[in-house]
Amino acid sequence: MKKIRLLIADTDKAYMNALVRYLIGTGGQYEVCGYTDAQDFLEEENDFSVALLSDEFLSVLEENPEKKRQFGSILHLTGSEGRKNTEYEPIFKFQKMSHFTEQIHKAVKGSEPDRATFSGRKGQRIQVIYSPMHHELTLPFSLSMAKLIGENSQTLFIDMEGMSVLPQLLERESKRDLGDYLYHIIGGIEDEKNMTDFLGFYENFYYIAPMKGLTALSSVSVDQWMCLLENLSHSDFDQIVILMDQMVQGGDAILQAADDILLLGKPGTYYEKSMNAFLADMEKEGLSKKCRQLLLPMSVSQQPGEYQMRAMLNGNLSGFVRKEFMNAAGAF
């Protein structure tokens with residue numbers, strides 16, 4: 001497979017770093033050079049399939065028109081959706097990454113989109129849930145959310161927690177987990193199995209059991225996570241709900257691929273400081289427009305029994321989730 005040579009130039013260093021990491025982690029189909037300095041950009045002498053240039057670098061290009069010969073196609077990298085440049089096609093920074101990469105492929109003269117690209121099935125949505133302050137009800141909340149979405153859509157829940165109590169909550173053990181599925185799709189020996197062999201079903205949604213072991217989750221590479229998302233993009237699921245924690249290597253690439261990021265918090269000044277600190281990082285990564293904050297005011301002590309999952313999914317936690325999301329226009 002011939003790699004697509006990309007040059008990206010933008011003065012926003014945080015966005016640049018996040019985008020380059022994501023593109024490099026999509027399966028090795030891109031060679032990427034990134035610049036935030038105009039002089040370094042001018043000194044680059046190699047040719048590229050596509051250049052993604054922000055306003056500042058388009059101005060540099062107009063002052064040095066001979067440099068245009070280095071690029072097969074030029075896209076206007078912009079943070080303003082719908083903005084038009086008279087000469088260059090705009091590519092919006094903060095759109096769904098599957099659409100972003102598809103636009104890059106279309107810009108490559110004489111090339112077709114590669115099957116290895118994480119393209120995403122039309123209509124499929126990826127929603128990531130993360131709690132910067134580690135709310136103790138994050139997992140039950142996520143399960144309630146998956147149950148609610150599953151009432152109207154084919155839904156898959158993936159628990160990417162380092163130490164998960166999902167089997168205990170659901171009161172069932174799974175023979176195969178997320179680690180087994182990753183091994184299967186990345187080149188394991190059990191090729192006769194299909195995705196259904198790794199799925200469980202609970203209430204209205206399907207799930208893949210979490211990985212076991214203290215270091216199992218952190219050992220998964222960015223490329224392997226991108227391979228998982230690519231594989232799921234060809235599945236029949238309309239909605240994929242991912243519960244993620246800080247042990248995920250290359251979590252920023254997963255966040256870039258997501259359609260929506262739900263940040264689950266707690267009321268109170270202390271937790272507000274944690275959320276604000278995390279949001280500042282999300283802003284630097286160019287992800288803030290995907291984020292939605294939600295304060296979950298309840299605690300474990302307010303739930304019936306000792307983590308009785310069915311009671312939670314039909315109690316006040318479930319009622320809270322339904323109220324928040326069914327009344328939110330465009331939540332799903």
Q: Mind checking the CE-OH spacing from Met226 to Tyr22? Nearest 0.5 Å is all I need.
A: 6.0 Å
(Q) Determine whether Val32 and Leu7 satisfy the following criterion, side-chain contact (heavy atoms from CB on, under 4.5 Å), listing intermediate values before the conclusion. (A) CA-CA 6 Å; Val32 187; Leu7 183 143; over 6 Å; no
Q. Below 4.0 angstrom, N of the basic side chain to O of the carboxylate: do Arg292 and Asp260 qualify?
A. no
Q | Contact summary for Leu262 and Leu294, nearest pair of heavy atoms | A | CD1-CB, 3.8 Å
Q: Only counting residues at least two apart or in another chain, list the ones meeting side-chain contact (heavy atoms from CB on, under 4.5 Å) with Glu283.
A: Ser288
Q: Looking only at non-hydrogen atoms, find the nearest pair between Met133 and Gly265 and report the distance.
A: SD-CA, 3.3 Å
Q: Not counting sequence neighbours, which residues clear salt bridge (Lys or Arg N to Asp or Glu O under 4.0 Å) with Asp245? List them please.
A: none
Q: Please list, chain by chain and in numerical order, all residues satisfying side-chain hydrogen bond (donor to acceptor under 3.5 Å, both in side chains) with Ser54, sequence neighbours excluded.
A: Glu56
Q: Mind jotting down which residue pairs meet the ring pair (Phe, Tyr, Trp, His ring centres under 6.0 Å) criterion with at least one end in residues 148-171? Sequence neighbours excluded, please.
A: none
(Q) Please report the interatomic distance CG(Leu287) to CG(Asp281), rounded to the nearest 0.5 Å. (A) 10.5 Å
Q | salt bridge (Lys or Arg N to Asp or Glu O under 4.0 Å) partners of Asp10, counting only residues at least two apart | A | Lys93
Q) For Ser221, does its backbone N or O pair with a side-chain atom of Gln224 as donor and acceptor, under 3.5 Å? A) yes
(Q) I'd like to know whether the aromatic ring centres of Phe201 and Tyr207 sit less than 6.0 Å apart in this structure. (A) no
Q) Residues two or more places apart in sequence or in another chain: which of them pass side-chain contact (heavy atoms from CB on, under 4.5 Å) with Lys67? A) Phe41, Leu42, Glu44, Leu61, Gln70, Phe71
Q) What is the minimum heavy-atom distance between Leu166 and Leu139, and which atoms define it? A) N-CD2, 3.7 Å
**Q.** Contact check, side chains of Met282 and Leu255, non-hydrogen atoms, under 4.5 Å
**A.** yes
Q: Report, as yes or no, whether the 6.0 Å neighbourhood of atom CD on Glu43 holds more than 12 heavy atoms from other residues, nucleotides or ligands.
A: yes
**Q.** Thr155 to Ala146 - nearest heavy-atom pair and separation
**A.** CG2-O, 4.0 Å
(Q) Quick one, Asn204 and Ile149 - any side-chain contact, counting heavy atoms below 4.5 Å? (A) no
Q: Could you go through the side-chain contact (heavy atoms from CB on, under 4.5 Å) check for Lys284 and Asp12 one step at a time?
A: CA-CA 8 Å; Lys284 292 177 182 178; Asp12 187 338; over 6 Å; no
(Q) Determine whether a donor-acceptor pair (N or O, by modelled atom type, separation under 3.5 Å) exists between the side chain of Ser153 and the backbone of Gln239. (A) no
Cut-off 3.5 Å, no hydrogens considered: what does the side-chain donor-acceptor table look like for residues 266-278, sequence neighbours left out?
residue : atom : partner : partner atom : Å
Lys266  : NZ   : Glu136  : OE1          : 3.0
Asn276  : ND2  : Glu272  : O            : 3.3

**Q.** Shortest non-hydrogen contact from Ser142 toward Ile129
**A.** OG-CD1, 3.4 Å
Q: Just jot down the salt bridge (Lys or Arg N to Asp or Glu O under 4.0 Å) partners of Lys68, sequence neighbours excluded, or say none.
A: Glu62, Glu87
Q.
Just so I know, are the side chains of Ile208 and Asp159 near enough to count as touching, which here means a heavy-atom distance under 4.5 Å?
A. no
Q.
Do Leu295 and Leu243 sit in one hydrophobic cluster, given that two such residues count as connected whenever their side-chain heavy atoms are within less than 4.5 Å of each other, even indirectly?
A. no
(Q) Please check this pair: side chain of Asp197 against backbone of Asn194, looking for a donor-acceptor N/O pair closer than 3.5 Å. (A) yes
Q: Step by step, work out the side-chain contact (heavy atoms from CB on, under 4.5 Å) result for Met16 and Ile8.
A: CA-CA 8 Å; Met16 167 75 73; Ile8 306 171; 3.9 Å; yes
**Q.** From CD (Glu31) to OG (Ser49), nearest 0.5 Å
**A.** 8.5 Å
Q. In chain order, what residues pass the ring pair (Phe, Tyr, Trp, His ring centres under 6.0 Å) check against Tyr181, with sequence neighbours excluded?
A. Phe198
**Q.** Summary of salt bridge (charged side-chain N to carboxylate O under 4.0 Å, His left out) pairs that have at least one residue in residues 208-220, sequence neighbours excluded
**A.** Asp177-Lys212
Q) For the atom pair CG (Leu137) and OG (Ser131), what is the distance rounded to the nearest 0.5 Å? A) 10.0 Å
**Q.** Main-chain N/O of Leu296 paired to His135 side chain as donor or acceptor, under 3.5 Å
**A.** yes
Q.
Distance check, rounded to the nearest 0.5 Å: Leu263 atom CG versus Gln293 atom CD?
A. 6.5 Å
Q | With Glu66 via side-chain contact (heavy atoms from CB on, under 4.5 Å) - residues at least two apart | A | Asn64, Arg69
Q. Considering only heavy atoms from C-beta outward, does the side chain of Trp225 approach that of Met160 to under 4.5 Å?
A. yes
Q | side-chain contact (heavy atoms from CB on, under 4.5 Å) assessment of Leu75 paired with Leu53 | A | CA-CA 6 Å; Leu75 298 178; Leu53 307 179; over 6 Å; no
Q | Within-4.5 Å side-chain heavy-atom neighbours: His105 and Val50 | A | no
Q | For Tyr30 against Leu23, the heavy-atom pair lying closest together | A | CD1-O, 3.4 Å
**Q.** Any donor-acceptor N/O pair, Gln103 side chain to Pro90 backbone, under 3.5 Å
**A.** yes
Q.
Parallel, tilted or perpendicular: which one describes the rings of Phe205 and Tyr202, with boundaries at 30° and 60°?
A. tilted
Q.
Is any side-chain heavy atom of Thr11 closer than 4.5 Å to one of Thr36?
A. no
(Q) Would the distance check show the side chain of Ser164 and the main-chain N or O of Glu161 forming a donor-acceptor pair, the cut-off being under 3.5 Å? (A) no
(Q) A side-chain contact here means heavy atoms from C-beta on lying under 4.5 Å apart; do Ile104 and Leu6 qualify? (A) yes
Q: Please round to the nearest 0.5 Å and tell me the distance separating atom CD of Gln154 and atom OG of Ser235.
A: 8.5 Å
Q) Heavy-atom distance under 4.5 Å between the side chains of Phe100 and Leu52, does that happen here? A) yes
**Q.** All salt bridge (Lys or Arg N to Asp or Glu O under 4.0 Å) counterparts of Asp259, not counting sequence neighbours
**A.** Lys96
Q.
Which residue is it: Leu232, Asp236, Ile185? I am looking for the one with a side chain to side chain contact (heavy atoms under 4.5 Å, CB included) to Met195.
A. Leu232
**Q.** Backbone N/O of Ser73 and side chain of Glu89: donor-acceptor pair under 3.5 Å
**A.** no
